[in-house]
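On a predicted model such as this, the values are computed, not experimentally measured, just so you know. Atoms within each ligand, like the ligands themselves, are counted from 1 in listed order. This chain uses plain numbering: 1 for the first residue, then up along the sequence. The figures that follow rest on heavy atoms only: side chains count, while hydrogens, waters and symmetry mates do not.
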Amino acid sequence: MRTITHWIGGKPENGTSGGTAPVWNPATGVQQAEVALADAADVDTAVRSAAAAFDEWSRSSLSARTKVLFAFREIVNARIGELAEVVSDEHGKVVADARGEVQRGLEVVEFACGIPSLLKGDFSDQVSAGVDVHSFREPLGVCVGITPFNFPVMVPMWMHPVAIACGNTFVLKPSERDPSASLLVAQMWADAGLPDGVFTVVQGDRTAVDALLDHDDVAAVSFVGSTPIARYIHERATATGKRVQALGGAKNHAVVLPDAPLDFAAEHLVAAAFGSAGERCMAISAAVAVGGPGDELVAAVAEKARAVKVGPGRDATSEMGPVVTAAARDRIVGLIGTGEAQGATLTVDGRGLTVPGHEDGFFVGPTVIDGVTTDMDVYREEIFGPVLSVVRASDVDEAIALINANPYGNGTAIFTSSGEAARRFQRGVRVGMIGVNVPIPVPMAYYSFGGWKDSLFGQSHIHGPEGVTFYTRAKVVTTRWPQVAAAGAAGFHFPTAT
Ligand code: NAD
């Protein structure tokens, strides 16, 4: 059995814990590898290596860092296909979709290539007689990233290119369900000329996470994953004085108004609900059908959902792959059953789907559940599978109220041809990322990504300008170079500008 290792001090390391977890191929249902699980001693070795590399890397020039970032960008770009296949084999998503996630990650690398401009401070000349003020930002130290299974390349790339460009060293704890891509990325950083210890991978589960959260040499923690764990990470790491951004789960609503082009909206709803088998934090999991054309919309969505081609991620004709594990499949199937038991209508039922030649794969077909009410489990739970729940509202204000009553606030979208309704919607919803006729409004790398309410713990959104702020802290310097002959006496009053 192949063992997926850590990456410490610029090379693969087995660690000493001896613990492992299985890594499955979701398309076949067969275990394909085991991943090492770090214990506290392995984590300590990894963090110490990162801490030892900080001094030199934090003092490296902006042009030296930029050179490494540009080289890294070229290497990832050249090996995008290889990365996408590794992602597909462990996550299950189709290769074209995996290429898309690497591409979106690369955009953050490209953003970080502009670090000389991003780290420019301010300068104010002559704030007082003979006195100037300037500000600049310094890196924090060892920054940690703890990431989910659903984007094993893109989500870590929301973090490490920015953290490293700012002069930090970075320890990544990827999901134990699809850990291989991170090792490939580590090799790419090394090939790009990044010094040993600046990028580290420590594989593991909650034992490794707790050791990272409690380690004295860790300055900051970026987390992306489910809401209960995000809340826990934020509480535990802030308790030891670390800077924390913890992005949680989601229940993303797409509101379809009666004036929206129906076929356009149905097409986009299906792609946003079932792409990547619904395992996207920005997937649309609740459609809010407003007014009379609701039944027509559900019929159009159902027809398109039945036509989605489900198959292994490596098959270029597949549009949707399996879900990540047997446990995920069983949970999703269970929730669909609960929806039916609680009185919703299974317009399209994806349970029991088998893919010829892949009978043991973890497949669930696209599922559309109509007549969903807000008290049902399929509405209240984040299903994180290919399940679209349809709720009804009578107008845009009722739809806004529905969204605002939901504890999550990651993303939302509205389909309409009314500028007035779209404007009311974007101003009214308490949600971090909003699409107008765009179902998955993931911000570009030069904006910051993040939700509101239970979708984010901490103040900072991720990547973009807020990423640079998160991974640095400011100094403000007030300077006077007196002409010795003209130097006056120091006053004891509180300094004011004169
Ligand atoms: P998860 O919360 O189970 O795991 C995320 C990370 O936390 C993994 O590295 C895992 O090893 C670790 N972890 C799991 N349980 C832990 C515990 N008890 N103590 C300490 N660490 C623990 O999430 P997942 O299933 O890998 O990913 C899916 C979730 O991530 C969904 O809820 C999805 O919405 C969310 N997500 C959110 C965003 C966002 O931007 N807000 C992006 C992607 C995914």
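A salt bridge does not link Arg177 to Glu90: none of the charged side-chain nitrogens sits closer than 4.0 Å to a carboxylate oxygen. Between Glu101 and Arg99, none of the side-chain N atoms (NZ, or NE/NH1/NH2) sits under 4.0 Å from a carboxylate O, so this pair counts as no salt bridge. Look at Asp97 and Arg280 and you find a salt bridge, because one of the NZ, NE, NH1 or NH2 atoms lies within 4.0 Å of a carboxylate O, short of that distance. With salt bridges taken as basic N to acidic carboxylate O contacts below 4.0 Å, one links Glu340 and Arg351. Comment: Asp210 engages Arg236 in a salt bridge, judged by a side-chain N to carboxylate O separation of less than 4.0 angstrom.
Short contacts between ligand 1 and Arg206, defined as distances under 4.0 Å to a heavy atom of the residue, involve ligand atoms 17 (C), 18 (N), 19 (N), 20 (C). Near Glu382, meaning under 4.0 Å from any of its heavy atoms, are these atoms of ligand 1: 31 (C), 32 (O), 33 (C), 34 (O). Taking a cut-off of under 4.0 Å to the non-hydrogen atoms of Val209, the atoms of ligand 1 that pass are 20 (C), 21 (N). Close approach of ligand 1 to Phe449 (heavy-atom distance below 4.0 Å) involves ligand atoms 39 (C), 40 (O). Taking every non-hydrogen atom of Asn150 and a distance limit under 4.0 Å, the qualifying atoms of ligand 1 come out as 43 (C), 44 (C). Counting the atoms of ligand 1 from 1 in the order shown, those under 4.0 Å from a heavy atom of Arg177 are 3 (O), 24 (P), 25 (O), 26 (O). Atoms of ligand 1 lying under 4.0 Å from at least one heavy atom of Trp158, given by number and element, are 40 (O).
No N or O atom of Ser455 sits closer than 3.5 Å to an N or O atom of ligand 1. Not one N or O of Asp205 is nearer than 3.5 Å to an N or O of ligand 1, by distance alone. At a 3.5 angstrom cut-off on N or O pairs, Glu176 counts as close to ligand 1. Inclusion of Leu247 in the set of residues having an N or O under 3.5 Å from an N or O of ligand 1 is not warranted. Any N or O atom pair closer than 3.5 Å counts here, and Gly248 shares at least one such pair with ligand 1.
The single protein non-hydrogen atom nearest to atom 8 (C) of ligand 1 is Thr147 O, 3.2 Å, given as residue, atom name and distance. Atom 38 (C) of ligand 1 has Cys281 CB, 3.1 Å as its closest protein atom, hydrogens excluded (heavy atom only). In terms of protein heavy atoms, atom 2 (O) of ligand 1 is closest to Ser226 OG, 2.6 Å. The protein heavy atom nearest to atom 35 (C) of ligand 1 is Gly225 O, 3.1 Å. Looking only at heavy atoms of the protein, atom 7 (O) of ligand 1 is closest to Phe223 CE1, 3.3 Å. Protein heavy atom closest to atom 18 (N) of ligand 1, with residue, atom name and distance, is Ile229 CD1, 3.6 Å. With respect to atom 27 (O) of ligand 1, the closest heavy atom belonging to the protein is Pro148 CB, 3.2 Å.
Distance check, rounded to the nearest 0.5 Å: CG of Leu212 to OG1 of Thr207 gives 11.0 Å. Note that CG of Asp178 is 9.0 Å distant from CD of Glu176, once rounded to the nearest 0.5 Å.
Nearest heavy-atom pair, Lys242 versus Leu213, reported as atom, atom and distance to 0.1 Å: CE-O, 2.9 Å.
By the 30° and 60° cut-offs, the orientation of the rings of His463 relative to Phe449 is tilted. The aromatic rings of Phe457 and His234 sit tilted relative to each other, their planes meeting at an angle between 30° and 60°.
With a heavy-atom cut-off of 4.0 Å, Glu279 does not touch ligand 1 at all. Proximity of Phe384 to ligand 1, defined as any heavy-atom pair under 4.0 Å, is confined to the side chain (atoms from C-beta onward). With a heavy-atom cut-off of 4.0 Å, Asn410 touches ligand 1 through its side chain alone. Looking at Met282 against ligand 1, nothing comes within 4.0 Å, counting heavy atoms.
Not a single donor-acceptor pair under 3.5 Å links the side chain of Arg2 to the backbone N or O of Val35. Checked by atom type and distance alone, the side chain of Gln32 pairs as donor or acceptor with a backbone atom of Asp89 at under 3.5 Å.
Counted by atom type alone, Tyr379 and Ser285 present zero donor-acceptor pairs between their side chains at under 3.5 Å.
Taking a distance limit of 4.0 Å, we find that atom 40 (O) of ligand 1 is approached by some protein heavy atom.
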